Amino acid sequence: MNSAKLRTLPFLVLFLPLDIFVAGVILIADLVLFPLRIFRRRPEELMPIDFSSVTIQILNWDGLHLMKECLPAVVEAVRRHSELSGRKPEILVVDNGSRDGSVDYLRQQFPDVRVITLDRNYGFSLGNNKGFQEVHSDVVVLLNNDMLVAPDFLQPLLTPFADSRVFAVSSQIFFPDPALRREETGKTMGTFEKGFFRLWHDEVRAGDEKRGAIPVFWAGGGSCAIDARKLKAIGGFDSLYHPFYVEDTDVSWQAWKRGWKCLFLPQSHLVHKHRGTSRPKFGDDFVDGTIRRNQFLFIWKNVTETGLVLQHLMGLPRIHGRTILQKGARFEIRSYLKAMTRLPFAVWRRVANLREYVVSDRDVLRSLQ
């Protein structure tokens, strides 16, 4: 064992009682509620949706400059789509308490765009959920306010919904500078390794556009179309992860375990103009700490297969040690303690969803390989 790893040992000892507590809560909940694994609900038979019934929902917070840059392209895409299909999608902007004049600009320059004004910033999940309450179409297309859409981006997203098992369809994402390495493509993948998820955006290969729809781990919450009925059945985005990050991964995993599918359509193109707009507003430490906290919460809420649960719980010392070496002990302690404060809510959701699952965690992972 090298000296760096030896320096993590005192901190791992500090984590031990915390890990035992987390393990106890999860294992006791799973043991008491074991009958729910047997008496599951029969999955509801869903008829195919009317995928010409579409609302494009954009969440905005102090994004006036982004709206000026990106919204005209959405309006043009809607115009083109309506000419081809005969149905005009609605554009709905949910404004999260902006103070930069966004609402006045929208009402003056885009009177056909419906605007919902919220009294404050409700974050990603709650802000979007308030918008979902006003959506009456069968499909809701979610866009970040910094997504520049291609004129023909919409139709490829809608066609796969002819299959009633489809939950969401995600677009291919590009960067404005083609020379940059594409860390975000929309072709999301993931594995469960040594008790923890490893998630990434995979490379879009030359033959992918000929393949059609490709199963993906999650559909990006700012670049996808979702079956509004299934989203309502799941309960929308989970405020457990407030204020942001991992909500789209969570709702996609919930969909997979209910027997639905998340797909990637490389023929639908978006350009992410200003990737990483959260960091300038909140700071790197807050954003990274929130992501780390939510990674734990995601597992505690969603992973219910006994073998994978035990892998996670027994692997916690290794999981902590690896992050301590990369980010420092203070970062890991702070993130883990913040996750623990939400552990009761994660376990409650774990229990509430258990009867809805028809596909195991391992089978979901196999279907994505």
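For the numbers below, each heavy atom of this structure counts, side chains included, while hydrogens, waters and symmetry mates do not. These numbers come from a predicted model, not from an experiment.
Not one N or O on the side chain of Asp138 forms a donor-acceptor pair closer than 3.5 Å with the backbone of Arg229. In this structure, the side chain of Asp361 does not engage the main chain of Val303 through any donor-acceptor pair within 3.5 Å. Between the side chain of Asp248 and the backbone N or O of Gly221, at least one donor-acceptor pair lies under 3.5 Å. Remark: the backbone N or O of Ser367 is not paired with any side-chain donor or acceptor of Gln369 at under 3.5 angstrom. Of the possible donor and acceptor atoms, none in the side chain of Trp260 sits under 3.5 Å from a partner among the backbone N and O of Ser164. A donor-acceptor contact shorter than 3.5 Å is absent between the side chain of Asp202 and the backbone of Met189. Of the possible donor and acceptor atoms, none in the side chain of Glu184 sits under 3.5 Å from a partner among the backbone N and O of Ile173. Panel note: side chain Asp177, backbone Ala179; a donor-acceptor pair is recorded below 3.5 Å. A donor-acceptor contact shorter than 3.5 Å links the side chain of Ser85 to the backbone of Arg87.
If you take CD1 on Ile26 and NZ on Lys301, they are separated by 14.0 Å, rounding to the nearest 0.5 Å. Atom CG in Asp238 sits 5.5 Å away from atom CG in Asp250 (nearest 0.5 Å). Annotation: the span from Ile333 atom CD1 to Phe15 atom CZ amounts to 5.0 Å, rounded to 0.5 Å. From Ser98, atom OG reaches atom CG of Asn60 across 4.5 Å, with rounding to the nearest 0.5 Å. Within the model, atoms CZ of Phe124 and CZ of Phe237 stand 4.0 Å from one another, a figure rounded to the nearest 0.5 Å. Put simply, NZ on Lys88 and CZ on Arg79 are 10.5 Å apart, with the number rounded to the nearest 0.5 Å.
Just one residue in the list Glu203, Gln172, His201 forms a side-chain hydrogen bond (donor to acceptor under 3.5 Å, both in side chains) with Arg182, and that residue is Gln172.
In the hydrophobic clustering of ILVMFWY residues, with side-chain heavy atoms under 4.5 Å counting as a link, Phe296 and Phe286 come out together. Hydrophobic clustering (ILVMFWY, side-chain heavy atoms < 4.5 Å, transitive): Trp300 and Phe196 are in one cluster. Val246 is connected to Leu142 through a chain of hydrophobic side-chain contacts under 4.5 Å among Ile, Leu, Val, Met, Phe, Trp and Tyr, so both are in one cluster.
Arg330 CZ: 12 or fewer foreign heavy atoms inside a 6.0 Å radius. Around CZ of Arg165, the count of heavy atoms belonging to other residues, nucleotides or ligands within 6.0 Å does not exceed 12. The environment of CH2 in Trp200 is crowded: more than 12 heavy-atom neighbours from other residues, nucleotides or ligands sit within 6.0 Å. Other residues, nucleotides and ligands place no more than 12 heavy atoms under 6.0 Å from the CZ atom of Phe345.
Proximity of Met340 to Val22: side-chain heavy atoms (C-beta onward) are separated by under 4.5 Å at one or more points. Considering only heavy atoms from C-beta on, Val287 comes within 4.5 Å of Phe244 through its side chain. Annotation: side chain of Lys187 is in contact with side chain of Arg205 (closest heavy-atom distance under 4.5 Å). Contact check for Phe167 versus Cys224: no side-chain heavy atoms found under the 4.5 Å cut-off. When side chains are defined from C-beta on, Pro89 counts as touching Leu154, because their heavy atoms get closer than 4.5 Å. Between Val93 and Met67, the closest side-chain pair of non-hydrogen atoms falls below 4.5 Å. Contact of the Phe217 side chain with the Leu365 side chain is registered, since non-hydrogen atoms from C-beta on lie closer than 4.5 Å. In this structure, Leu337 and Thr341 have side chains that are not in contact, with every pair of non-hydrogen atoms separated by 4.5 Å or more.
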>> As a quick check of understanding, evaluate ring pair (Phe, Tyr, Trp, His ring centres under 6.0 Å) for Phe298 and Trp218, giving each step before the final call.
In response: CA-CA 13 Å; Phe298 177 85; Trp218 77 94; 9.3 Å; no
> Taking it one step at a time, do Thr306 and Asp30 satisfy side chain to side chain contact (heavy atoms under 4.5 Å, CB included)?
Replying inline: CA-CA 9 Å; Thr306 302; Asp30 284 3; 5.9 Å; no
>> Under the criterion side chain to side chain donor-acceptor pair (under 3.5 Å), I'd like the reasoning laid out for Asp19 against Tyr336: C-alpha separation, chi angles, the key distance, then a yes or no.
In response: CA-CA 10 Å; Asp19 293 341; Tyr336 197 61; 2.8 Å; yes
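Seen from the ring of Tyr357, Lys257 counts as a face-on cation partner, given the 6.0 Å and 45° thresholds. Stacking of Arg107 on the aromatic ring of Phe110 is not recorded, the 6.0 Å distance cut-off and the 45° axial limit not both being met.
In terms of heavy atoms, Glu134 sits closest to Arg114 at O-NH2, 2.7 Å. Scanning all heavy atoms of the two residues, the minimum distance from Leu297 to Ala346 falls at CD2-CB, 4.2 Å.
Arg292 and Ser335 form no side-chain donor-acceptor contact under 3.5 Å, judged by distance and modelled atom types alone. Checking Tyr105 against Asp100 by side-chain atom types alone, no donor-acceptor pair falls below 3.5 Å.
Salt-bridge annotation for Glu332 and Lys327: absent, with no side-chain N of the basic residue lying under 4.0 Å from a carboxylate O of the acidic one.
In this structure, the ring of Phe174 has its center less than 6.0 angstrom from the ring center of His269.
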